[in-house]
Amino acid sequence: MSADAAAPAGRLPDAAGHFGRFGGRFVPEALVAALDELDVAYRKAMTDEDFLAEFDALLRDYAGTPSLLYEARRFSARAGARILLKREDLNHTGAHKVRNVLGQALLTKRMGKRRVIAETGAGQHGVATATAAALFDLECVVYMGEVDTERQALNVARMRMLGATVVPVTTGSRTLKDAMNEAMRDWVANVDTTHYLIGTAAGPHPFPELVRDFVRGIGEEARRQCLDLTGALPDAVAACVGGGSNALGIFHAFVPDTGVRLYGFEAGGEGVETGRHAASITGGRAGVLHGTRTYVLQDEDGQTIESHSISAGLDYPGVGPEHAWLHDSGRATYLPVDDDEAMAAFELLCRTEGIIPAIESAHALAGALKIAPRLAAELGREPVIVVNLSGRGDKDVHTAGGYFGILDKEQ
Amino acid sequence: MSRIGVAFDKARADGRAVLVGCMPAGFPTVEGSIAAMKAMVDEGVDVIEVEIPYSDPVMDGPVIQKASDIALAGGVRTADTLRVIEAVAATGAQVVTMTYWNPIEQYGVDAFARDLAAAGGTGLITPDLIPDEADEWLAASEAYGLDRTFLVSPSSTDARLRMTVEHCRGFVYATAIMGVTGARAQTSAAAPVLVSRVREVTDLPVGVGLGVGTGAQAGTVAGYADGVIVGSALVRCVLDAPDQAAGLAALRALSAELAEGVRNPAR
């Protein structure tokens, strides 16, 4: 990313991290000094040519970006739209997340800290963090819900191979949200030596802004690539939304382009009406979770409700505060995609393009299939939709194999 | 005028520190928690800190997490917490409420302040609400005359410490260590330094929490602070007990030991 690209498009958040009524800092006082330190280091870095050059070089030479924008012709024929896939699945470690971890690992080094901690659900952010920690010679501890360590044993092995310590979290629902709680507790106790390398554009200020800025290259690249390929901006941009970093990453550059519709697809699980879903914007209410005010799945008393999705990476009962604001302001549209719709799109991409997507990204593909006819009718022509293919599906082969009855579920 | 200040004034006149004992509402049941808190009052705990159980308590260690999980699994509601506060306040003890912010926001900040005042609660300790985000609570606490206890930490800068203390009413909560709740083998070396930093900017009483679990530790903390706040060690009495009677007996014994501790400050 270049220094001039560092000028934020939306001028949000404000200095205290608020996106309208969302965002901010709801944290123990013990963390405020560390958040302030991080904020200063991050702002300095984003205007420091040496930092930006180092980050750019890592993204290019190590992560393999810019990722391709690929026109998926056979999938497009089935969609009734011209579908352009932003191939973040081809990045090193297999997802957009490498951009965020490299940025934060560089910042960690600049702050003189020697240890990083992270939370992980499916294990993708944990693997990405362990990767960056190996590269930067940092001690790495990853908190993972005990339930998830069992579901995602392969990723636990990956993290350990990379030299990280994986700590199974046995409290609460023993999933991602509890892993995040435990990471926060570790951070409160070890803040002098440790950076909390948060995995999505959520949490207390400045994380939502900082993570967005480290991944916003996705949209900057896609915008340029789409102009080169089609001579125009797309009609719509589609992404899946769990915490929402891949979606913000691809949305951000398009926010000022008011002709470009932005669609975020939340995990509808077994259907929003069943209560078993992870669609925080569609099915939640404004509240405070993990240090920020945003949409949260919660009961009447504000107790967090467990989320459900076939995609472990979207299985989170909150969402980044900037998405909450984009929703309230009407700039982006958020719709649920249920497990079955996502898996149908997953299969369609496998069979038409020879690409196995992450189940997370399959939600964005399913969403594109859903909005294509409406857009075509509205525009009176074939729409152009950029879909963020945020990750590859290798990690999901077990889940998908079970879903389609290809693998014995016991294996 | 501060409601909880009365307890501190009285203890100060007696030449001792205030003992604050924490227990989650609804743990192990609503009635069980009321019985536990009354037992603590009987044995000399001056102020009962009633914690509202929350699904994601990031400032709490394993003992209070477990107790909160049990309370929530038992179906405790925010309204039950108010009932607990009312029952304990009726004994004449001072009651302060410790709560993460989301349950209050969902109840309605003004409505909760109104109902808390009506139940006889003195105010709130807010572990994840800093004054920077507290406009609604500042207004509601003014409207209903409730105390506001924000936390200060060894990592707080001088500017933040001053700002935070200026927004407190009643007492200031100094977190003795960088970490979460839970008894520790040794008391903190950072705590006396933090307390003296607070004293430089305010006359408000200062309570020290995190890590205190024995009468001797309470005596040590009472040597430099106005209040000694004990949580996990008391909760553990109930958590580890084979039955309710044994839990109450252990709770009474520890409460008495701590009450003795704050009357014998190490100077």
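Note on naming: letters A, B, ... go to the chains in the order of the sequence lines (proteins, then strands), and numbering restarts at 1 for each one. Note that these values count all heavy atoms, side chains included, but never hydrogens, waters or copies made by symmetry.
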Discussion item. For B:Tyr54, which atoms come within 4.5 Å of any heavy atom of chain A: side chain, backbone, both, or neither?
Written reply: both
Worksheet item: Which pair of non-hydrogen atoms, one from B:Ser155 and one from A:Ala30, has the smallest distance, and what is that distance?
Response: OG-O, 2.9 Å
Item to complete: Return yes when atom CZ of B:Arg197 has more than 12 non-hydrogen atoms of other residues, nucleotides or ligands closer than 6.0 Å, and no otherwise.
Response: yes
Fill in: Side chain, backbone, both or neither of A:Val191 within contact of chain B (heavy atoms, under 4.5 Å)
side chain
Worksheet item: Quick one: does B:Asp56's side chain get under 4.5 Å of A:Lys177's, heavy atoms only?
Response: yes
Worksheet item: Looking at OG of B:Ser55 and CG of A:Asp301, how far apart are the two atoms once the value is rounded to the nearest 0.5 Å?
Response: 10.5 Å
Practice prompt. For B:Glu136, look at atom CD and say whether over 12 heavy atoms of other residues, nucleotides or ligands are found less than 6.0 Å away.
Written response: no
Discussion item. Just by distance, no angles: are the side chains of B:Ser156 and A:Glu29 close enough, under 3.5 Å, to form a donor-acceptor pair?
Written reply: yes
Item to complete: Name the region of B:Pro57, side chain, backbone, both or neither, that has any atom closer than 4.5 Å to a heavy atom of chain A.
Response: both
Practice prompt. Select one option (side chain, backbone, both, neither) describing which atoms of B:Pro103 are under 4.5 Å from chain A's heavy atoms.
Written response: both
Worksheet item: Highest number of heavy-atom pairs under 4.5 Å with chain B: which of A:Val32, A:Thr171, A:Asp36?
Response: A:Val32
Response to the item:
Whatever's closer than 4.5 Å to a heavy atom in chain A on B:Leu72 counts as side chain
Discussion item. Quick one, A:Arg185 with B:Met59, criterion side-chain contact (heavy atoms from CB on, under 4.5 Å). Give me CA distance, side-chain angles, the key distance, then yes/no.
Written reply: CA-CA 7 Å; A:Arg185 292 181 188 115; B:Met59 263 301 280; over 6 Å; no
Worksheet entry | Under 4.5 Å from a heavy atom of chain A, the part of B:Thr78 involved | both
Item to complete: Using a cut-off of under 4.5 Å on heavy-atom pairs, state which of A:Met180, A:Arg285, A:Met184 scores highest against chain B.
Response: A:Arg285
Discussion item. Is A:Ala183 close to chain B through its backbone or its side chain, or both, or neither, when contacts mean heavy atoms under 4.5 Å?
Written reply: neither
Worksheet item: Taking atom OH of B:Tyr100 and atom CD of A:Gln303, what is their separation to the nearest 0.5 Å?
Response: 12.0 Å
Practice prompt. Please report the closest heavy-atom contact between B:Glu133 and A:Arg25, naming both atoms and the distance.
Written response: OE2-N, 2.8 Å
Discussion item. Counting only heavy atoms from other residues, nucleotides and ligands, does the tally under 6.0 Å from CZ of B:Arg236 exceed 12?
Written reply: no
Worksheet item: Among B:Asp60, B:Thr157, B:Asp132, B:Asp69, which residue forms the greatest number of heavy-atom pairs with chain A at distances under 4.5 Å?
Response: B:Asp60
Worksheet entry | A:Glu182 and B:Gln65, any side-chain heavy atoms less than 4.5 Å apart | yes
Worksheet item: Based on non-hydrogen pairs under 4.5 Å, which of A:Ala33, A:Pro204, A:Pro28 is most in contact with chain B?
Response: A:Pro28
Discussion item. A:Phe26 and side chain to side chain contact (heavy atoms under 4.5 Å, CB included): which single residue from B:Thr126, B:Leu129, B:Asn102, B:Val58 fits?
Written reply: B:Leu129
Discussion item. Pair A:Glu300, B:Gln106 - check side chain to side chain donor-acceptor pair (under 3.5 Å), show working.
Written reply: CA-CA 7 Å; A:Glu300 205 185 322; B:Gln106 300 309 317; over 6 Å; no
